[in-house]
Amino acid sequence: MGVAIMFIWICVLLILDIQGFSSHSTDPYATEHPANCWFHKYFYKEGTFTDIYILKEFDQNIMTNFTCADGCVYSRLGDPFTTEYCFESSPDSADEARNEYEMPKPACNVL
């Protein structure tokens with residue numbers, strides 16, 4: 001059930017991206033917040049997609065209270081809305097938050 005809901009959210013977010021509803025700014029994934037928060041982040045751990053985070057709010061104080069890279073506060077899809085996340089810089093290049101979903105590579109050779 002949880003996987004089906006996540007798949008539906010991925011489809012909805014991809015459709016919104018394609019239709020250009022993400023933003024009115026020059027960057028289609030950024031908001032008008034001072035930190036240019038993305039509306040959503042697709043998180044990859046060691047190159048594998050793990051979660052979708054959706055922008056909840058902008059909080060300038062979060063950078064001084066935690067190790068957040070910016071003031072963007074997110075909720076993770078599937079978690080209670082009261083659970084909040086932020087992103088910090090990671091020295092591990094395999095851990096990455098992206099503004100677009102990357103389709104997985106096929107496990108077999110396609111002719």
Side-chain angles (χ1 to χ4, degrees):
M1 181 76 175
V3 172
I5 292 172
M6 183 177 285
F7 178 75
I8 290 170
W9 270 105
I10 290 172
C11 291
V12 168
L13 292 173
L14 288 173
I15 289 168
L16 291 176
D17 279 351
I18 291 168
Q19 294 181 355
F21 292 120
S22 294
S23 175
H24 299 293
S25 70
T26 56
D27 180 354
Y29 305 102
T31 64
E32 300 300 321
H33 294 295
N36 281 331
C37 304
W38 292 344
F39 282 108
H40 52 270
K41 288 190 177 194
Y42 299 95
F43 187 73
Y44 293 80
K45 179 89 174 153
E46 298 179 6
T48 303
F49 171 75
T50 59
D51 291 298
I52 296 176
Y53 294 85
I54 301 169
L55 181 65
K56 183 175 180 181
E57 65 185 1
F58 177 79
D59 182 359
Q60 187 67 38
N61 295 327
I62 201 164
M63 294 185 308
T64 56
N65 297 339
F66 300 97
T67 58
C68 302
D70 52 31
C72 306
V73 180
Y74 292 87
S75 290
R76 185 169 62 182
L77 186 62
D79 283 359
F81 191 69
T82 55
T83 305
E84 298 179 335
Y85 298 89
C86 67
F87 290 86
E88 62 184 3
S89 297
S90 173
D92 187 352
S93 62
D95 295 345
E96 184 176 16
R98 303 179 189 163
N99 59 1
E100 294 180 318
Y101 179 74
E102 182 179 308
M103 294 297 289
K105 293 175 181 56
C108 60
N109 291 333
V110 178
L111 300 173

Measuring from atom CZ of F43 to atom OH of Y85, what distance do you get when rounded to the nearest 0.5 angstrom? 11.5 Å
Here the pair of heavy atoms bringing T82 nearest to K56 is CA-NZ, 3.8 Å
Rounded to the nearest 0.5 Å, what separates atom SG in C37 from atom OH in Y53? 15.5 Å
Measuring from C72:SG to E57:CD, what's the distance to the nearest 0.5 Å? 10.5 Å
Any heavy-atom pair between the side chains of R76 and Y74 that's under 4.5 Å? no
Working to the nearest 0.5 Å, report the span between OG1 of T50 and OH of Y44. 9.0 Å
Return the CZ to CG distance between F66 and N61, rounded to the nearest 0.5 Å. 10.5 Å
So which heavy atom on D70 is nearest to which on I62, and how close? O-CG2, 3.6 Å
Measuring from atom CG of L55 to atom NZ of K41, what distance do you get when rounded to the nearest 0.5 angstrom? 9.5 Å
